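Values in this document were obtained by computation on a predicted structure and should not be read as measured data.
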Amino acid sequence: MGKFLKPGKIVILLQGRYAGKKAVIIQNQDNGTNKHSYGHCIVAGVRKYPRKMKKGLSKKKIALRSNLTPFIKVANYNHIMPTRYTLDIDAVKGKVDVAAFSSPGANADRPEARKESRVAIKTEFQQRYNAGKNKWFFTPLRF
């Protein structure tokens with residue numbers, strides 16, 4: 001059986017604070033690392049989805065309602081469910097400081113690297129949402 005958890009695959013998180021949220025795999029680590037000795041991946045997803053748009057909204061209201069909030073975290077393979085969808089993440093992958101999420105002592109070394117990565121993800125996601133690409137990714141799951 002081939003590998004299917006690759007960068008760019010959209011997954012749904014099953015456990016933790018972001019359970020039920022969609023995310024995209026930025027980098028995967030099948031064998032684990034010193035810090036995380038299990039198969040895991042770094043995912044970026046939408047923490048707060050854009051709100052529904054109505055016909056009579058002003059441009060200012062549309063701009064406010066189209067905001068989204070991202071998250072980036074390390075997720076265990078057992079806690080994610082892959083979907084059939086993919087997202088082109090070449091632009092995103094270069095902007096995320098993967099070392100800040102995977103290396104030991106990353107929180108103490110450069111906490112601003114995590115924030116910079118989150119801002120970069122937010123701008124990329126916001127551009128995709130405003131352009132109308134990957135509409136399924138930017139809508140909340142209803143279950």
Does the side chain of Asp88 come within less than 4.5 Å of Arg128's, by heavy atoms?
yes

In this structure, would Val46 and Val119 fall into the same cluster of hydrophobic residues linked by side-chain contacts under 4.5 Å?
no

If every non-hydrogen atom of Tyr129 is compared with every non-hydrogen atom of Met53, which pair is closest and at what distance?
OH-CE, 3.9 Å

Smallest separation among heavy atoms of Phe137 and Ala44, with atom names
CZ-O, 4.2 Å

What pairs of donor and acceptor atoms, side-chain ones from residues 59-76 against any protein atom, are under 3.5 angstrom apart with sequence neighbours left out?
residue : atom : partner : partner atom : Å
Arg65   : NE   : Lys52   : O            : 2.9
Arg65   : NH2  : Lys52   : O            : 3.0
Ser66   : OG   : Ile62   : O            : 3.1
Ser66   : OG   : Ala63   : O            : 3.1
Asn76   : OD1  : Asn78   : N            : 3.0

What's the spacing between Thr83 OG1 and Trp136 CH2 if we round to 0.5 Å?
4.5 Å

So CD1 of Ile10 and CG of Asn134: to nearest 0.5 Å the spacing works out to 6.0 Å

Counting only N and O atoms by type, is there a donor-acceptor contact under 3.5 Å from the side chain of Lys9 to the main-chain atoms of Ile25?
no

Say you draw a straight line from NZ of Lys22 to CG of Leu13; how long is it, rounded to the nearest 0.5 Å?
12.0 Å

Nearest 0.5 Å, what's the CG-CG distance between Asn28 and Leu5?
7.0 Å

Tell me, please, which residues at least two apart from Ala120 pass side-chain contact (heavy atoms from CB on, under 4.5 Å).
Lys95

For a quick test of reading the model, state the closest non-hydrogen atom pair linking Val11 to Pro82 and the distance between them.
CG1-CA, 3.8 Å

Report the distance from atom NZ of Lys21 to atom NZ of Lys48, rounding to the nearest 0.5 Å.
10.5 Å

Distance-minimising heavy-atom pair for Val24 and Phe125
CG1-CZ, 4.2 Å

Quick check for you: to the nearest 0.5 Å, what is the distance between Gln127 atom CD and Glu124 atom CD?
5.5 Å

